[in-house]
Each structure stands twice: as C-alpha cells, then as structure tokens.
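Shown next, in structure tokens, is the structure this report addresses.
Excluded from the calculations below are hydrogen atoms, water molecules and symmetry mates; all remaining heavy atoms, backbone and side chain alike, are included.
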Amino acid sequence: MDLEPAANQKNRQTYLHTLSNHRADSRLARCFSFTGNAIIKNDFEKKEELSGVEQWTLKSLEYDQVKEMVKSEAATVLGKEKVSRLTPSGQRDQVKHRLQATQEGMDLIRLKGDLPLGGVRDIRAAVRRAEKSGVLTESECLDIAGTISAGRQVKSFLRQVDEEEAPLPILRGLTEQVESLEWIEEEILKSIDEQGIVKDQASPGLGKIRSRIGEAKKQIQQTLQEILRNPHYTKMMQEAIITQRFDRYVIPVKQEYRSRFPGIVHDQSSSGATLFIEPEAVVSWNNQLRQLKLQEKQEVEKVLKKLTEKITPEVESLKRNLEVLASLDCIMACARFGYRVKGICPEISESVLHLKKARHPLIRGEDVVPIEVSIGEDYHAIIITGPNTGGKTVTLKTVGLFALMTQSGIPVPAEEDSIMPVFGGVYADIGDEQSIEQNLSTFSGHLTKIIRILKQVDEKSLVLFDELGAGTDPTEGAALAISILEYVIQKGSFVMATTHYSELKLFAHHHPKTVNASMEFDVETLKPTYRLLIGVPGRSNAFNISRRLGLPEEIIERAKAHLSSDEKSLEEMISSLTSEQKLAREKHEEAEALQKEAEALYADIREKWEQFEEEKAALKEKARREAQRIIANAEREAEEVLKQLRAWAKARPGDLKEHELSDAKARLKNAVPDWELPQKTKKNTGKSEKLTVGDEVRVLSVNQNGTITEDLGDGYYQVQVGFLKMKMHQDQLEKRSSSKPADVKIKPTVNRMSAHVKPECDLRGKLVEEALLEIDNYLDKALLAGYKEIHLIHGKGTGALRQGVQKFLRSHRHVKSFRLGNHNEGGSGVTVVELK
C-alpha cells in the first residue's frame with residue numbers, strides 16, 4: 001500500500017519533521033532483482049518503491065544494522081553498494097525469487113565453495129570516460145582487464161559445477177549473461193604489464209625512445225660520478241650522492257661553495273645549508289632526457305588511446321557484466337551471512353507465520369534463548385505480558401526484523417520448517433517518542449505513530465505495538481489499547497503487542513482471534529529466562545519478588561487483601577497455567593531428548609547392521625571363491641590320479657600293487673573337498689561282528705562305502721570302492737549290511753564327488769573337437785562319482801556334433817553302451833551312455 005501524502009494527515013508538521021531527521025536514510029533503495037535470463041538493470045536505470053514500510057519502521061527494527069552485517073560479507077565495492085540499496089519487497093514472486101537465489105548461493109558455498117569474485121573492480125568511472133571518448137590510464141585499463149577476467153572465471157566456475165548435483169538455475173542464468181570480452185583483456189595485457197607500465201613492445205617507437213632514455217641516464221650518471229670522485233669538488237659536497245629535483249639530476253653542494261661550483265641551482269634544504277645544483281656538464285644531457293621523457297609520454301598516450309578506442313564499443317557489455325557481477329556479489333553476501341549466522345531461507349506461505357527457534361541476529365553469544373512464534377492458523381494476534389527486561393521488546397523486534405529480512409532475500413537465523421508470509425507493510429511502534437522540540441509526551445508520541453499506522457494497515461500487514469496504551473491513565477489506556485487492537489484485528493492484520501494491563505489479558509482470553517503469551521520469569525533467581533510461552537498470560541510477580549527481597553509478609557498479605565476477587569482469580573489462574581506450561585515444556589524437552597537418543601541409537605544400530613551385512617557378504621564371496629579354488633584343485637588332482645591309473649592299467653593290466661593303490665587312494669581323498677563336518681575315524685575291533693564276502697562296509701580311512709569281495713585271511717579283506725579294489729584290515733572297516741555269497745553283486749557306490757559332478761553334460765554350442773575333450777574329462781569324473789548312466793546333451797541341429805560324439809563313444813574304454821534319448825529324455829538331442 002502506498003504511503004499517504006503528509007498533507008492528508010492531521011499532524012502534517014510533526015510528520016515532516018520526523019521524516020526530516022532521517023532524510024538521508026529514507027530513500028527507498030534499489031535491490032537485486034532478476035528473472036531467468038533477463039536482468040533488471042537496477043544500478044543504471046530502475047528504482048523500486050516499496051509500499052507500507054516507512055523509515056522509522058526500518059530504524060526501530062534495526063534493519064540497517066543487519067544490512068551492515070550483510071554488507072561486510074560482500075567481496076566487491078559494487079556488491080557492498082548493492083547491499084546498501086537493498087530494501088524489502090512486497091511482491092510475493094520477487095520475494096520467492098530472492099530467497100531462491102540466496103538459497104542457491106548457500107548451496108553453492110556448502111557444496112563447492114564461494115564464487116571467485118576477488119578480481120572484480122569498480123570500473124564505472126573508467127567506463128563512463130571511455131564512453132565519452134576520454135583516454136583511460138594504465139591502472140584503469142588493468143582494472144577493466146581484471147574485471148573481464150573475473151567475470152570469465154565466475155562463468156567457468158559455475159560451468160564446472162555438476163548441474164545434477166546443484167542445478168542453481170538463477171546463478172547459472174546470471175553468469176551466462178556475462179560476456180567473455182577476452183580479446184579486450186588480451187589487448188590490454190599485451191600492452192600493459194602487471195605493475196601498470198606500458199610495455200616497450202606496445203608500439204615500435206616506444207622501445208627506441210626508452211632505449212635512448214637509458215643511454216642518456218647512463219651518461220648523466222657517469223658524468224656525475226666523475227664529479228663526485230674529483231678531489232677538487234669533494235670538499236664542496238654535503239654528501240657524495242646523486243639525487244633528483246624536478247626530474248633533473250643534481251648534486252647536494254654546501255652553501256658556501258655556491259660561487260665555486262658551476263651549475264644551476266634547483267632547490268635548497270630547509271636549513272639553507274645545502275644547495276641542489278645541476279652541474280653544467282650534465283645540463284645538455286638533462287635537457288635531452290627531458291625531451292625524451294616527453295616523447296615517451298606522447299607515445300604512451302598513443303598506446304592508451306588505441307586501447308581506449310578498442311574498449312569504447314564494448315561499454316554496454318562492460319556495464320552489463322558489472323551489473324551481473326554486482327548482483328552475484330549481493331546474492332553471495334546474503335548467502336555468506338546466512339552461512340555465518342546458521343540461517344535458513346524460510347518457506348513462503350499465504351497466511352501463516354511460524355518461526356522455529358528464532359534468534360535475533362544482533363544478539364551474540366551461545367546463551368541466546370530462541371523463541372518460537374506461530375500466527376495465522378488459530379489466531380491473528382498475540383498479547384505478550386510479563387515483567388520488564390524479560391525480552392518482550394526483543395521478541396517483537398525479532399518477528400518484525402525477520403519479516404523485513406525475508407522480504408529482502410536475507411536468511412534468518414532460525415531452524416528449518418520456519419514459515420513466513422509476504423507482508424505488504426511492516427509497522428512498528430517501538431521506543432520512546434518524547435520530543436521537547438515538538439512538545440510531545442510519551443503518550444502523544446506513541447499515539448501519533450499509531451494514528452499513521454491505523455490509516456495504512458490492511459489484511460497484508462504486520463503490526464507491532466510495544467507497551468500499547470502506556471503513558472496515560474491505566475484505565476483509559478487499557479480501554480484505548482483494546483479498541484486499537486480490535487480495529488487492527490478487524491482489518492485482518494497480524495498483530496503482536498506487549499502490555500502490563502490485566503484488562504488486555506482478559507481481552508486476549510475471550511477474543512477468538514487473540515492469544516495470551518508471556519515471557520517466563522524465574523522467581524527463585526529473580527531473573528527472566530527470555531523464553532516465550534504461548535497461551536499463558538504473564539504474571540506481575542510483584543508479591544513474589546517483594547517476598548524474595550525481604551518485604552515483611554504482613555505487608556504482602558495486606559496488599560493481597562486490596563486485590564479484588566477477580567484479580568485474585570486471574571492471578572491464581574495464571575499461576576496454575578504457568579506451572580502446567582512449565583511442566584509440559586519439561587516433558588516435551590524430555591521427550592525430544594529421548595527421541596533424539598532413540599534416533600541416534602537407531603542410526604548407530606543400523607550402521608552396524610549394514611556393516612555386518614557388508615562383512616557377511618564379503619565373507620560369503622570369499623568362501624565362494626575359496627570353494628571354487630578347492631574344487632578346481634580337486635578336479636585337477638583327480639584328473640592326474642586318473643591319468644596315472646590309466647597309465648598303470650595300460651602298462652600292467654590286472655597287476656596293480658597294493659602300495660600304488662594306497663597312494664592313489666590317498667591322493668583321491670585329498671583331492672575331493674569335504675563339505676561336511678569331519679567324522680572321527682574309530683577303530684573297529686571286529687569282535688562284535690564277523691565280516692563276510694558280500695557285506696557292505698564303511699572304509700573309515702577314506703570315509704567311503706564299499707563291498708567285501710574276498711577274505712584274504714589274517715583279518716585282511718579285499719574291498720571294492722567304486723571301480724577301485726583295496727586291501728584293508730578289519731580294524732578300518734565298519735559293517736553296514738550283509739548279503740549271501742550267492743547274491744553278491746558288486747556295485748560301485750556314489751561317493752562325495754557326485755555332489756560336484758552332474759549326471760549330464762551340456763555340449764551345445766561347442767565344436768566337435770572341444771566337445772570330445774570335454775566328454776573324455778567328464779566320463780572320468782562321472783566314473784569316479786559312481787554314475788552308471790549319464791546324459792550327453794548335444795542338441796539336434798545338423799547332427800554333426802551327435803555323429804562325432806557317438807563315434808567317439810564307440811571306442812571309449814569306460815563306455816559299455818549308448819543310445820539316443822527317449823521322448824521324455826530329450827529325444828535325438830541327447831545321447832544316453834551306460835558306463836562300465
């Protein structure tokens with residue numbers, strides 16, 4: 001809402017005088033405002049007017065002090081000026097845009113660090129001079145080059161930030177508007193060095209002139225050194241040094257030798273005892289040096305003029321770059337401030353104000369007691385009561401200042417989930433308004449402010465009254481305060497007011513849109529706790545404080561007798577509510593502490609559980625790899641045993657020695673991995689049961705089942721285990737079952753290798769040669785595993801693989817017979833092999 005003209009107000013002179021005291025600060029400043037890809041050129045063109053916020057409001061709420069804190073975070077002069085012009089905005093979209101920009105800055109600092117804005121210089125004067133065809137100086141050209149480089153670095157820095165990790169649309173949109181202008185920077189640095197001196201190679205003539213200057217200086221130095229060393233002139237010298245006066249080389253000569261020393265006097269010391277004389281021998285050289293210096297200056301000016309002519313067409317681009325960099329610095333200054341005060345960018349709401357653990361930014365120290373305030377859901381007005389120095393005024397200032405900071409895009413020191421609406425006006429009547437000059441009392445001063453406020457408030461206003469109705473008769477003041485509050489609440493404004501009047505406590509208790517609040521006071525310590533209690537009116541605590549300070553109990557009791565029954569009931573109610581509120585808060589804090597402890601414990605247990613799962617998975621993987629290694633070794637060892645057995649059988653058929661069989665048996669035992677818990681081998685005395693041919697026994701030494709085929713005498717038996725025959729003593733045998741000799745049918749038993757050898761071999765997709773090698777290896781393993789019948793899966797296809805397999809099987813030593821599979825066994829795609 002726009003401010004009404006002073007002419008429409010009754011006390012126009014008072015209003016104008018009040019504003020004149022703060023005229024320097026009353027200009028509503030321009031602030032950073034940008035959208036998407038287009039930036040509003042605030043510095044050069046546009047001013048923003050904010051309705052509903054007058055200077056006395058900003059001053060009372062200490063808004064300028066906060067801006068100074070933000071300003072100190074700016075990295076450039078341009079950014080500091082931008083912050084100085086910053087004012088709150090009443091436009092919802094603009095406020096959200098500002099907060100989003102600040103949040104992006106805070107995210108950038110947290111994730112990747114600060115923007116590199118150190119090289120940005122204030123080149124506005126140089127740009128204006130170039131725009132008017134004036135010649136720039138060396139330092140101005142260097143500042144322009146540095147600013148161009150800084151803009152390019154900022155642009156490069158943000159391009160290196162992962163867009164998925166940090167989208168930063170506003171910051172990226174701004175930096176993309178920075179024009180590179182790299183060629184101008186190169187031209188400047190090609191002509192001017194880091195010390196701000198035009199380089200010799202900047203023009204063909206400049207190098208020659210400087211070479212001649214060097215020669216002239218050298219000649220002058222040599223001539224003067226000869227004079228200084230000349231015994232005739234030594235006694236005339238005040239000091240044997242060469243110095244300069246007015247760009248001419250001179251020698252300090254004593255005053256009394258002036259007539260005897262030929263030359264031109266250029267200066268004398270303050271005492272007059274020393275004259276600085278240019279000897280005649282170097283006058284012509286000094287003249288020549290002077291001329292060369294003038295030529296050098298002219299040549300430098302030519303270089304600078306050419307550089308300026310190259311810069312002039314890019315003046316508008318430089319202005320835009322400056323504006324973008326200033327806006328970026330302003331945003332980052334707000335972000336740095338938020339990072340330093342542990343602030344957040346609150347969520348914007350239509351009609352709810354909720355501050356969670358809010359701390360006034362100007363109050364320092366670890367002992368600051370945060371406040372929690374909510375307005376807009378169940379009530380629109382809060383009436384705060386309680387003793388002085390309890391923090392009531394600070395609470396009002398905190399809420400009002402947070403509104404101004406939020407609408408300026410400045411983070412507020414509060415916790416996440418804080419919510420702020422966008423106010424069209426923030427009005428505060430805080431502080432003593434006495435004025436001897438205007439002949440105003442405290443009451444009149446406050447009332448003058450309140451009248452102005454009442455003329456401007458609406459449903460989008462935040463109104464703060466400190467000690468409403470104070471400074472006059474308590475009865476009339478309370479009645480007037482109630483009427484003012486009813487008027488403002490009826491307008492739909494958010495209201496916070498402090499008071500000492502009991503009538504306002506009752507008003508807040510009965511009005512549906514108003515709630516009582518108080519600042520807690522510890523009667524035991526006689527100190528305020530600065531904790532805001534919503535829903536509980538404040539007590540005067542006068543009697544308790546008086547008792548603690550030593551006032552006689554008799555006087556206190558007489559004072560209580562003077563209270564009306566309603567006042568007594570009110571105090572008792574407040575006392576009860578205060579106790580209940582304190583107990584509820586303690587329970588709440590205890591519950592929060594327990595919840596945090598439980599969350600921490602849960603997080604710790606979950607972390608340990610995840611760690612345990614990772615370790616378990618790692619152990620499983622390690623065991624799987626170890627098992628694969630063991631199986632591979634076992635297969636290799638078994639293959640070697642089989643090869644050796646085949647070699648023995650071929651070389652000496654039917655004539656294997658017992659120790660050779662024992663060695664092969666032991667190697668097979670070691671080759672096959674044992675996946676079950678090992679069983680203790682126990683010796684069988686053989687006294688309990690007699691072993692006969694045909695009995696099925698357990699061979700304890702190899703933990704395998706076999707059948708006795710022959711009694712060798714002296715307690716030794718021949719036992720067939722699979723296709724092997726072993727000579728074993730009865731102590732190593734354990735009887736399983738008996739059979740009559742006529743019924744003996746030796747069957748190789750399936751040993752533990754069968755757990756790792758399948759009864760089928762899939763050959764599909766292999767060449768014939770590959771398949772035959774695999775079949776040969778597989779048949780040995782199947783025989784060791786005790787299989788009598790196995791399946792070779794070769795598929796139907798062209799039939800080439802099937803023919804090659806069957807041709808190989810016809811001559812294989814382990815194959816008894818083979819056939820194509822039945823319909824339920826895979827048909828012609830499978831060959832069923834019966835082993836010997």
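K67 contributes a side-chain N or O that, together with a main-chain N or O of L86, makes up a donor-acceptor pair within less than 3.5 Å. Checking side-chain atoms of N516 against main-chain N and O of K505 turns up a donor-acceptor pair under 3.5 Å. Of the possible donor and acceptor atoms, none in the side chain of T102 sits under 3.5 Å from a partner among the backbone N and O of A335. Formation of a donor-acceptor pair under 3.5 Å by the T406 side chain with backbone atoms of A403 is not found in this model. At least one donor-acceptor pair under 3.5 Å links the side chain of S461 to the backbone N or O of D458. Here the side chain of T514 pairs no donor or acceptor atom with the backbone of H510 at under 3.5 angstrom. Checked by atom type and distance alone, the side chain of S493 never pairs as donor or acceptor with a backbone atom of L462 at under 3.5 Å. Between the S89 side chain and the Q91 main chain, a donor and an acceptor come within less than 3.5 Å of each other.
By the 6.0 Å contact criterion, CD on E592 is enclosed, its count of non-hydrogen atoms from other residues, nucleotides or ligands being greater than 12. Atom NZ of K460 has 12 or fewer heavy atoms from other residues, nucleotides or ligands within 6.0 Å. Enclosure of atom CD in E377 is not indicated, since only 12 or fewer non-hydrogen atoms of other residues, nucleotides or ligands lie within 6.0 angstrom.
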task = For K397 and L464, run side-chain contact (heavy atoms from CB on, under 4.5 Å): C-alpha distance rounded to whole Å, both residues' side-chain angles, the deciding distance at 0.1 Å, then the answer.
result = CA-CA 8 Å; K397 287 186 174 183; L464 308 170; over 6 Å; no
request  = Could you walk me through whether H360 and E62 pass the side-chain contact (heavy atoms from CB on, under 4.5 Å) test, one step at a time?
outcome  = CA-CA 10 Å; H360 197 289; E62 299 166 323; 3.4 Å; yes
ask   = After noting the C-alpha distance and the side-chain angles of R531 and I371, does the key distance pass the side-chain contact (heavy atoms from CB on, under 4.5 Å) rule?
value = CA-CA 6 Å; R531 187 175 285 109; I371 61 170; over 6 Å; no
request  = Evaluate the criterion side-chain contact (heavy atoms from CB on, under 4.5 Å) for residue pair E347 and L99; output intermediate values, then yes/no.
outcome  = CA-CA 9 Å; E347 180 184 346; L99 290 175; over 6 Å; no
key: Residue pair S374, H354: steps toward the side-chain hydrogen bond (donor to acceptor under 3.5 Å, both in side chains) verdict   = CA-CA 4 Å; S374 293; H354 175 65; 2.6 Å; yes
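Using a 4.0 Å cut-off between a side-chain N of Lys or Arg and a carboxylate O of Asp or Glu, D417 and K357 do not qualify as a salt bridge. The pair D64-K59 does not count as a salt bridge, with every side-chain nitrogen at least 4.0 angstrom from each carboxylate oxygen. Of the charged side-chain nitrogens involved, at least one lies within less than 4.0 Å of a carboxylate oxygen, so that E350 and R92 count as a salt-bridged pair. The existence of a salt bridge linking E165 and K112 is confirmed by a sub-4.0 Å separation between a basic side-chain nitrogen and an acidic carboxylate oxygen. Using a cutoff of 4.0 Å between basic side-chain nitrogens and carboxylate oxygens, D93 and K96 are not scored as salt-bridged. Ion pairing between a basic and an acidic side chain is recognised when a charged N comes within 4.0 Å of a carboxylate O; E459 and K491 show no such pairing. Between E73 and R340 there is a salt bridge, since a side-chain N of the basic residue sits under 4.0 Å from a carboxylate O of the acidic one.
Atom CG of residue L61 and atom CZ of residue F402 lie 12.0 Å apart, to the nearest 0.5 angstrom. A distance of 13.0 Å separates CD1 in I375 from CD1 in I419, rounded to the nearest 0.5 Å. With rounding to the nearest 0.5 Å, the separation of CG in L353 from NE2 in H380 is 11.0 Å. The distance from atom OG1 of T393 to atom CD of E467, rounded to the nearest 0.5 Å, is 6.5 Å. Put simply, CG on D466 and NZ on K392 are 7.5 Å apart, with the number rounded to the nearest 0.5 Å. Interatomic distance, CZ of F337 versus CE of M69, reported as 4.5 Å (0.5 Å rounding).
When all heavy atoms are compared, the tightest approach of G79 to D329 is CA-OD2, 3.3 Å. A333 and V83 get closest at one heavy-atom pair: CB-CG2, 4.2 Å. Contact record, P421 with F494: CG-CE2, 4.1 Å, taken as the closest heavy-atom pair. Minimum interatomic distance between T398 and A358 (heavy atoms only, all atoms of both residues): CG2-CB, 4.2 Å. Nearest heavy atoms, S60 versus K449: OG-NZ, 3.7 Å. Pairing each heavy atom of Y501 with each of L468, the nearest pair is CE1-O, 3.8 Å.
Side-chain contact between T448 and R452 is present, with at least one heavy-atom pair separated by less than 4.5 Å. Between P167 and E104 there is no side-chain heavy-atom pair separated by less than 4.5 Å. Counting heavy atoms from C-beta outward, V66 and L401 have side chains that approach closer than 4.5 Å. Residues F465 and M496 have side chains not in contact (no heavy-atom distance under 4.5 Å, counting atoms from C-beta outward). With contacts defined as side-chain heavy-atom distances shorter than 4.5 Å, the pair S349/M420 does not qualify. Side-chain contact between V515 and I383 is absent, with no heavy atoms from C-beta onward closer than 4.5 Å. Using a 4.5 Å heavy-atom threshold, the side chains of Y487 and L454 count as touching. Counting heavy atoms from C-beta outward, Q65 and E68 have side chains that stay 4.5 Å or more apart.
Using modelled atom types and a 3.5 Å distance limit, the side chains of E486 and Q490 yield no donor-acceptor pair. Residues Y63 and S408 have side chains that bring a donor and an acceptor to within less than 3.5 angstrom of each other.
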